[in-house]
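Note that ligands are numbered from 1 as they come in the structure, with each ligand's atoms numbered from 1 the same way.
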Amino acid sequence: MSVLHKVDVKLSGKSYSIHIGRGLLHSPGQFVPFSLKDRSLFVLTDENVANPHGLAVYEGLKATGARSVEILAIPGGEQSKSLSDFERVVSWMLDRDVDRQSVLFAVGGGVIGDLAGFAASVVMRGIAFVQIPTTLLAQVDSSVGGKTGINMPQGKNMVGTFHQPAAVVCDMDTLKTLPQRDILAGYAEIIKYALIDDPSFFIWLEGNGKKVCEKDPEALARAVATACRKKAEIVGEDEKEHGRRMILNLGHTFGHALEAATGYDGRLVHGEAVAIGTALAFRLSVRMGLCAEKDADHVVRHLKDIGLPTRIDMISPSLHDAKEIMGFMVHDKKASSGKIIFILSRGIGNCFAADNVRKDDLEAILVHSMKKG
Ligand code: NAD
Ligand code: GLY
């Protein structure tokens with residue numbers, strides 16, 4: 001076991017640490033900032049992750065002196081972030097030995113992390129939970145910062161809470177089994193941190209991005225640690241997203257609308273939607289006279305070199321209704337008082353939130369991205 005990086009998330013109410021390394025999964029208790037002895041512990045995982053990762057955590061927890069350890073694997077994928085799965089998870093804990101000292105361990109990607117976090121935030125009026133993310137996307141984004149939630153027929157992440165984990169354990173070895181498509185999807189969230197306000201990280205990614213995507217453990221750990229440091233800093237400043245945290249939604253207003261327009265049917269995974277959304281946010285910034293075209297071209301070239309989609313016409317089968325996509329944006333949580341909030345850019349490493357995007361500019365960017373280019 002080796003811890004390569006430790007990042008602290010400093011919040012006014014509750015601080016915690018992100019542990020990044022290799023072989024950490026087998027002794028998860030070591031990273032929890034209180035004793036697990038005599039507690040009833042729960043491991044929520046999904047069927048793609050249960051063997052070997054969920055079981056490794058389960059076995060590791062049995063050695064902590066806990067009163068009981070239970071494990072539940074639900075089907076993998078976005079469909080599981082639902083009200084019925086939420087009910088299943090809460091009932092599973094209530095039917096067993098849950099009490100206020102219980103701890104829920106989330107072993108999986110963002111779906112398991114968001115669902116477990118939501119369940120932990122409400123069962124017995126809130127119990128501790130630990131994030132053990134096994135996708136790159138979850139390691140660099142969803143496991144940190146305390147946003148939890150489920151999807152509703154009306155939209156993605158429509159019901160949820162802020163509930164910070166007691167610890168986050170990122171084990172690079174879990175990524176060995178992660179399909180390449182999900183590695184690339186995670187990369188779309190990594191590059192976000194560079195584009196927001198860290199041009200030197202963008203330069204590092206240009207040199208090392210391929211190594212990250214080839215799962216080189218050192219490069220991966222460094223990228224994860226840099227991303228987590230940035231997220232910790234932003235969440236530390238604005239835990240509940242009243243201002244600065246909005247910047248983390250670069251590419252997401254577009255991305256969530258594209259995901260919704262595909263009906264979550266597998267044509268797009270979240271990170272792919274964010275990659276197209278990031279390219280669109282830069283194109284929109286150019287159109288609005290905010291960003292130099294060469295910067296947008298630079299970003300798009302890097303995303304393409306890595307193997308991520310950058311245009312709507314790369315979705316197969318593609319989408320053809322710009323107005324429908326714009327309709328989904330109005331319902332997104334990032335709309336405020338009826339105005340849609342976009343993260344725009346004045347160049348690489350210089351992004352900001354804006355609510356003054358004109359409909360005709362938006363529609364033109366979407367239509368252009370739908371045409372075979
Ligand atoms: P996911 O949890 O669906 O995982 C992607 C796929 O990989 C699933 O099929 C899963 O079973 C499988 N998988 C996970 N780990 C694996 C491993 N090590 N080996 C093999 N297969 C593995 O999706 P995701 O991309 O991790 O997360 C997307 C979700 O995260 C979305 O619901 C999104 O809304 C949410 N999200 C939340 C936040 C937040 O701040 N809470 C931030 C970003 C994204
Ligand atoms: N993924 C965006 C946030 O955590 O705020």
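Evaluated by nearest non-hydrogen atom to atom 28 (C) of ligand 1, the leading choice among L137, D173, T174 is L137. Across the listed options S142, G76, G255, S142 owns the non-hydrogen atom lying nearest to atom 39 (C) of ligand 1. Remark: among candidates G108, A106, G110, the nearest residue to atom 27 (O) of ligand 1 is G110, based on non-hydrogen atoms. Across the listed options H270, H252, E78, H53, E78 owns the non-hydrogen atom lying nearest to atom 31 (C) of ligand 1. One option in T134, L136, D114, N151 has a heavy atom closer to atom 41 (N) of ligand 1 than any other, and that option is D114.
Two rings, from H252 and H270, have their centers less than 6.0 Å apart. Checked against the 6.0 Å centroid threshold, Y58 and F105 do not count as a close aromatic pair. Between F282 and H298, the ring centre distance reaches or exceeds 6.0 Å.
Every atom of ligand 1 is numbered from 1 in the order shown, and the set under 4.0 Å from a heavy atom of K156 is 31 (C), 32 (O), 33 (C), 34 (O). Atoms of ligand 1 found under 4.0 Å from any heavy atom of D46, numbered from 1 in the order shown, are 10 (C), 11 (O). For ligand 1, the atoms closer than 4.0 angstrom to any heavy atom of T135 are 4 (O), 14 (C), 15 (N), 24 (P), 26 (O). Remark: ligand 1 atoms within the under-4.0 Å shell around heavy atoms of K81 are 31 (C), 32 (O), 33 (C), 34 (O), 35 (C). Close approach to D141 involves these atoms of ligand 1, each under 4.0 Å from a residue heavy atom: 42 (C), 43 (C). Counting atoms of ligand 1 from 1 in the listed order, those under 4.0 Å from a heavy atom of N48 are 9 (O), 10 (C), 11 (O).
Of all the heavy atoms of T177, the ones lying under 4.0 Å from any atom of ligand 1 are found in both the backbone and the side chain. Of all the heavy atoms of K231, the ones lying under 4.0 Å from any atom of ligand 1 belong exclusively to the side chain. The proximity of V49 to ligand 1, defined as any non-hydrogen pair under 4.0 Å, is limited to the side chain. With a 4.0 Å heavy-atom cut-off, ligand 1 is reached by the side chain of D182 but not by its N, CA, C or O. The side chain of N157, and not its backbone, has at least one atom closer than 4.0 Å to an atom of ligand 1 (non-hydrogen atoms only; side chain from C-beta on).
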Any protein N/O atoms within less than 3.5 Å of an N/O atom in ligand 2? List the atom names and distances, or say none.
| from | atom 1 | to | atom 2 | distance (Å) |
| --- | --- | --- | --- | --- |
| ligand 2 | 1 (N) | D141 | OD1 | 3.0 |
| ligand 2 | 1 (N) | D141 | OD2 | 3.3 |
| ligand 2 | 4 (O) | K231 | NZ | 2.5 |
| ligand 2 | 4 (O) | R245 | NH2 | 2.8 |
| ligand 2 | 5 (O) | K147 | NZ | 2.9 |
| ligand 2 | 5 (O) | R245 | NE | 2.7 |
| ligand 2 | 5 (O) | R245 | NH2 | 3.4 |

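Nearest protein heavy-atom contact of atom 22 (C) of ligand 1 is L178 CD1, 3.6 Å. Regarding atom 21 (N) of ligand 1, its nearest protein heavy-atom neighbour is P179 CD, 3.8 Å. Annotation: atom 1 (P) of ligand 1 to nearest protein heavy atom, V111 CG2, 3.8 Å.
Under the 4.0 angstrom criterion for non-hydrogen atoms, E47 is not in contact with ligand 1. For the ligand labelled ligand 1, residue K192 lies outside the 4.0 Å heavy-atom shell.
Between I74 and L72, the closest side-chain pair of non-hydrogen atoms falls below 4.5 Å. Looking only at side-chain heavy atoms (C-beta outward), Y16 and L11 come within less than 4.5 Å of each other.
K147 and N157 form no side-chain donor-acceptor contact under 3.5 Å, judged by distance and modelled atom types alone. The closest side-chain donor-acceptor pair between Q30 and H19, if any, does not fall under 3.5 angstrom. No side-chain N or O of T135 forms a donor-acceptor pair with one of D182 less than 3.5 Å apart. Side-chain contact annotation: S143 with D141, donor-acceptor N/O pair under 3.5 Å absent. Judged by distance alone, the side chains of T148 and T161 do bring a donor and an acceptor atom under 3.5 Å apart. H302 and Y187 are linked by a side-chain donor-acceptor pair at a separation below 3.5 angstrom, with hydrogens and angles left out of the test.
Cation-pi check for R346 over F352 is met; the charged atom lies under 6.0 angstrom from the ring centroid and within 45 degrees of its normal.
A salt bridge links R358 with D360; the closest basic N to acidic carboxylate O contact falls under 4.0 Å. Salt bridge status for D321 with K323: absent, with no side-chain N to carboxylate O gap under 4.0 Å.
Nearest heavy-atom pair across A128 and F34 is CB-CZ, 3.9 Å.
Using a 30° and 60° split on the angle between ring planes, H163 and F129 fall in the parallel class, below 30°.
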